Amino acid sequence: MAALAAQWRKENKTVGLVPTMGALHAGHISLVDYAKAECDIAVASVFVNPSQFGPNEDFDKYPRTEAADIEKLEAAHCDVAFIPSPAEMYPEGFCTWVNVTAAPADRLEGKLRPIHFQGVATVVLKLFNLAQATKAYFGQKDFQQVQVVKRMVKDLNVPIEIVRCPIVREPEGLAISSRNRYMSAAETEEALCLSRALKKAKELAQTGEYTVAQIADVMREIVSEPKDASVDYAILVEGENLDPVPETDVVKPELWQDKELVALLAVRIGSTRLIDNAVLL
Ligand code: PAF
């Protein structure tokens, strides 16, 4: 990867990187399409990064579908599939980490999954360096991840542009995710409550008549409907640092013209934890 990147640099080629953990789906392929449209070379990395999984998380169970991933990348005309091994990414003696200590990393996913963003920030910085990427493409579905990576790039002066790309959804509304395959057909049906809640939140926000608490309560009610749902959070935040917005504030479109108001959800349906979000204003 490094040798190819050095060659592209000599040829003045721009490189678009799509970091993934494999189990590729239409969401990932849309990122490859953006990279191809905007850069000379599109690289997709496939690496299930052990350092971003907590001890009780699904690292062992995480789907590994390398042959199918390569086929999908070929069909999307991705120029390079970079598939390093754990020993290449974390050789013996590895001891240097990107330590993300404050906003936007220290809340929500960062609080519930304490080492998660340190693992993400470290691995993506290594991938940016290896591919010498001009731009890197991330899906909005992991909204907080995109903000953490943007902050890291700013703080460490990494010469790369981070591009946030729209969430890709199933026709019924479910945000596409590699973890959707953990759910039964009945659970998949129940999981539609997330996109339903976000759609309702957007409608309410656009009226300019509801408080932050009222909108968050409506979302919470909708995602609590399935009997085996348990809600980690249903919250409205300011988009850059994911700071909570005061509950009594009335959500008025005119007050959100130069910043984003974002609704974030994390909900367990049975044993599958799903996240989803929408920019309301
Ligand atoms: O979003 C993911 O799949 C991962 O967190 C990433 C960005 C590939 C880092 O391992």
Side-chain angles (χ1 to χ4, degrees), residues 1 15-32 34-35 42-54 57-66 68-70 72-73 76 78 80-90 94 97-100 104-105 108-110 112-131 133 135-153 156 158 160-168 175-182 242 264 266 272-277:
M1 181 73 256
V15 179
L17 173 69
V18 179
T20 83
M21 297 205 299
L24 299 183
H25 50 63
H28 296 116
I29 299 305
S30 79
L31 303 179
V32 172
Y34 282 107
V43 177
S45 61
V46 176
F47 179 62
V48 185
N49 174 34
S51 74
Q52 69 187 70
F53 288 82
E57 294 183 11
D58 55 346
F59 175 68
D60 290 332
K61 172 174 154 198
Y62 200 85
R64 282 146 172 100
T65 58
E66 191 175 307
D69 291 345
I70 293 172
K72 287 180 188 164
L73 292 173
C78 185
V80 172
F82 175 44
I83 312 184
S85 69
E88 281 171 308
M89 291 300 274
Y90 297 107
F94 184 93
W97 297 94
V98 178
N99 189 4
V100 284
L108 301 164
E109 294 302 298
L112 294 162
R113 308 178 66 191
I115 50 107
H116 177 66
F117 286 127
Q118 168 177 293
V120 169
T122 303
V123 84
V124 298
L125 182 59
K126 285 169 68 69
L127 294 167
F128 294 170
N129 286 337
L130 281 160
K135 294 187 178 194
Y137 296 81
F138 290 85
Q140 183 191 315
K141 194 177 89 61
D142 294 294
F143 190 92
Q144 190 173 7
Q145 168 169 279
V146 184
Q147 295 312 106
V148 170
V149 172
K150 280 191 171 170
R151 184 74 226 188
M152 186 260 294
V153 159
L156 301 183
V158 186
I160 191 168
E161 184 187 331
I162 304 303
V163 185
R164 183 180 89 192
C165 302
I167 299 176
V168 178
I176 296 183
S177 160
S178 305
R179 289 184 169 105
N180 289 353
R181 69 182 72 196
Y182 298 156
L242 282 71
L264 299 174
T272 307
R273 187 169 185 277
L274 302 172
I275 56 172
D276 199 352
N277 66 81

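Order of appearance sets the numbers: ligands from 1, and atoms from 1 within every ligand. This is a predicted model, so every value here is computed, not measured. Values below: every heavy atom of this structure, side chains too, minus hydrogens, waters and symmetry copies.
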Between the protein and ligand 1, are there any N or O atom pairs that come within less than 3.5 Å of each other, and if so, what are their names and distances?
| residue | atom | partner | partner atom | Å |
| --- | --- | --- | --- | --- |
| ligand 1 | 1 (O) | Gln145 | NE2 | 2.8 |
| ligand 1 | 5 (O) | Gln52 | NE2 | 2.9 |
| ligand 1 | 5 (O) | Gln145 | OE1 | 2.7 |
| ligand 1 | 10 (O) | Gln52 | OE1 | 2.6 |

task: Apply the test side-chain contact (heavy atoms from CB on, under 4.5 Å) to residues Glu161 and Tyr137: give CA-CA distance (whole Å), side-chain angles for both, the deciding distance (0.1 Å), then the verdict.
output: CA-CA 9 Å; Glu161 184 187 331; Tyr137 296 81; over 6 Å; no
message: Ring centres under 6.0 Å, that's the criterion: do Tyr62 and Phe53 meet it?
response: yes
message: To the nearest 0.5 Å, what is the distance between CD on Gln140 and CD1 on Ile167?
response: 4.5 Å
field: Nearest-0.5 Å distance, CG of residue Leu17 to CD1 of residue Ile160
entry: 6.5 Å
task: Not counting sequence neighbours, which residues clear side-chain hydrogen bond (donor to acceptor under 3.5 Å, both in side chains) with Lys135? List them please.
output: Glu38
field: Salt bridge flag under 4.0 Å for residues Asp58 and Arg273
entry: no
